[in-house]
Amino acid sequence: MRVALFLTCVNDTLYPDTGRAVVRLLGRLGVDVDFPLAQTCCGQAHYNTGYRHETEPLARHYAEVFGEYDAIVTPSGSCAAMVRELYPRLGERARAEGRGEALADVLAPVVPKTYELTEFLVDVLGVTDVGAVYPHTVTYHPTCHGLRSLGLGDRPRRLLESVRGLELVELPGADECCGFGGTFAVKNAGVSAAMGADKVRNAESTGAEVLCAADNSCLMHLGGTMSRAGSVVRPVHIAEILASTEEEPAR
């Protein structure tokens with residue numbers, strides 16, 4: 001199986017260690033991972049801001065870069081949801097506008113091959129115990145795209161519950177949005193900040209050392225909130241926890 005890592009813009013720019021963690025983790029499980037250097041943005045920010053036509057070249061490029069792979073793995077539920085849920089809509093809208101089937105035909109092959117990391121581990125590789133060691137108390141925030149668009153369900157929790165030394169504690173209001181929402185945080189800053197503060201208070205109430213999620217964009221939003229509030233809770237991407245071992249421990 002030829003597997004490619006789609007790192008995403010946010011991770012490439014701000015959280016490259018998450019990408020490195022994915023490669024270490026999958027390598028430990030016997031998966032060789034390619035990193036196509038031509039990859040760029042999936043177009044999520046453009047699409048969500050209303051620039052649908054400007055999204056189309058980015059979607060085409062994604063299909064060209066990753067089309068030859070058997071599986072495309074990304075440590076981002078929101079970007080995986082962009083490909084799986086919204087790329088088909090791009091094709092449908094192009095067809096409805098009388099521009100034919102070309103866009104839909106180009107995008108169709110990559111849609112079912114794009115996986116968020118935890119569903120690739122559980123559904124494709126068939127593992128929940130990845131051999132990780134992480135001696136910390138953790139609470140898990142299921143981000144909106146993973147929860148609602150991808151339907152990740154209990155996959156992330158099953159992976160975390162199998163990590164040696166990790167104590168998983170329940171997050172109150174776990175299914176509530178953290179307030180990031182991409183450009184929502186810019187357009188509705190006051191509401192976004194209030195939602196983030198609620199999520200951080202809930203995380204602090206658990207007594208956990210670490211707030212874990214499968215999207216660094218949400219963790220960026222919550223991490224900023226925690227930093228300004230002087231919180232002792234740390235944001236950590238699930239990939240970094242799953243990649244952690246006794247020999248190479250994550251913080």
Side-chain angles (χ1 to χ4, degrees), residues 1-16 18-20 22-23 26 31-121 123-124 143-146 148-152 180-187 214-218 220 237 239:
M1 183 168 55
R2 294 198 65 203
V3 176
L5 170 63
F6 174 44
L7 187 53
T8 80
C9 304
V10 168
N11 289 321
D12 184 50
T13 306
L14 300 173
Y15 302 101
T18 296
R20 297 186 184 103
V22 173
V23 173
L26 294 181
V31 178
D32 290 328
V33 183
D34 287 348
F35 181 76
L37 295 178
Q39 63 182 276
T40 59
C41 177
C42 66
Q44 179 188 175
H46 308 68
Y47 187 93
N48 290 346
T49 313
Y51 294 96
R52 179 169 54 86
H53 287 164
E54 289 78 2
T55 304
E56 292 181 6
L58 294 168
R60 285 180 179 275
H61 184 69
Y62 179 94
E64 291 166 2
V65 170
F66 292 105
E68 66 184 65
Y69 291 95
D70 301 308
I72 306 142
V73 180
T74 180
S76 169
S78 62
C79 293
M82 175 65 194
V83 176
R84 295 247 296 276
E85 185 177 41
L86 299 180
Y87 275 17
R89 294 188 191 180
L90 283 173
E92 290 167 8
R93 290 295 298 275
R95 184 186 303 116
E97 292 169 356
R99 293 189 281 129
E101 305 287 333
L103 183 61
D105 290 345
V106 167
L107 300 182
V110 295
V111 171
K113 297 192 294 186
T114 299
Y115 298 91
E116 184 273 334
L117 173 64
T118 65
E119 62 181 351
F120 180 76
L121 292 170
D123 296 350
V124 179
T143 62
C144 292
H145 285 93
R148 296 173 177 87
S149 296
L150 297 177
L152 294 182
F180 175 62
T183 54
F184 174 83
V186 178
K187 296 179 178 179
D215 264 290
N216 271 327
S217 52
C218 297
M220 175 177 64
H237 193 284

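Nothing here was measured: the structure is a model prediction, and the numbers come from that model.
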**Q.** Shortest non-hydrogen contact from Leu90 toward Ala59
**A.** CD1-CB, 3.9 Å
Q) Should the heavy atoms of other residues, nucleotides or ligands under 6.0 Å from CZ of Arg148 be counted, would the total exceed 12? A) yes
Q. Heavy-atom distance under 4.5 Å between the side chains of Pro75 and Leu5, does that happen here?
A. yes
Q.
Nearest 0.5 Å, please: how far is CG in Asp12 from SG in Cys41?
A. 11.0 Å
(Q) Checking the side chain of Asp215 only, and the main-chain atoms of Gly77 only, is there a donor and an acceptor separated by less than 3.5 Å? (A) yes
Q: Could you grab the distance from atom OG1 of Thr8 to atom CG of Asn216, nearest 0.5 Å is fine?
A: 7.5 Å
Q.
To the closest 0.5 Å, what do you measure between CD1 (Ile72) and OH (Tyr115)?
A. 9.0 Å
Q. Do any N or O atoms from the side chain of His61 and from the backbone of Ala38 form a donor-acceptor pair under 3.5 angstrom?
A. yes
**Q.** Heavy-atom closest pair, residues Thr49 and Ala45
**A.** OG1-O, 2.5 Å
(Q) Applying salt bridge (Lys or Arg N to Asp or Glu O under 4.0 Å) as the test, list every pair that has at least one member in residues 64-86; sequence neighbours left out. (A) Arg2-Glu68, Arg84-Glu119, Glu85-Arg89
Q. What are the two closest non-hydrogen atoms of Cys42 and Thr55, and how far apart are they?
A. O-CG2, 4.4 Å
Q) Roughly how far apart are Asn11 CG and Arg20 CZ, rounded to 0.5 Å? A) 11.5 Å
Q: Hey, could you give me each pair passing salt bridge (Lys or Arg N to Asp or Glu O under 4.0 Å) that has a residue in residues 97-109? Not counting sequence neighbours.
A: Arg52-Glu97, Glu56-Arg99, Arg95-Glu101, Glu97-Arg99
Q) Considering only heavy atoms from C-beta outward, does the side chain of Val33 approach that of Val22 to under 4.5 Å? A) no
Q. Where is the tightest heavy-atom contact between Ala80 and Leu150, given as atom of each residue plus distance?
A. CB-CD1, 3.9 Å
(Q) Is there a side-chain contact (heavy atoms from CB on, under 4.5 Å) between Phe180 and Thr143? Walk through the geometry before answering. (A) CA-CA 10 Å; Phe180 175 62; Thr143 62; over 6 Å; no
**Q.** Pairs where residues 35-45 contributes a residue and the test side chain to side chain donor-acceptor pair (under 3.5 Å) is met, not counting sequence neighbours
**A.** Gln44-Ser78
Q: Heavy atoms only: give me the nearest Gly67-Val110 pair and the separation to one decimal.
A: CA-CG1, 3.9 Å
**Q.** Interatomic spacing from OG in Ser76 to NE2 in His145 - rounded to 0.5 Å
**A.** 8.5 Å
Q) Who passes salt bridge (Lys or Arg N to Asp or Glu O under 4.0 Å) against Asp123, sequence neighbours left out? A) Arg155
Q | ring pair (Phe, Tyr, Trp, His ring centres under 6.0 Å) partners for Tyr62, two or more places apart | A | Phe6, Phe66, Tyr87
Q: Specify the closest pair of heavy atoms between Phe120 and Met1, including all atoms of both residues, with the distance to one decimal.
A: CZ-CE, 3.9 Å
(Q) Test: ring pair (Phe, Tyr, Trp, His ring centres under 6.0 Å). Region: residues 35-59. Which pairs qualify, not counting sequence neighbours? (A) none
Q | Note, Leu152 side chain near Thr118 side chain (heavy atom, < 4.5 Å) | A | yes
Q) Once you round to the nearest 0.5 Å, how far does CG of Leu117 lie from NE2 of His237? A) 7.0 Å
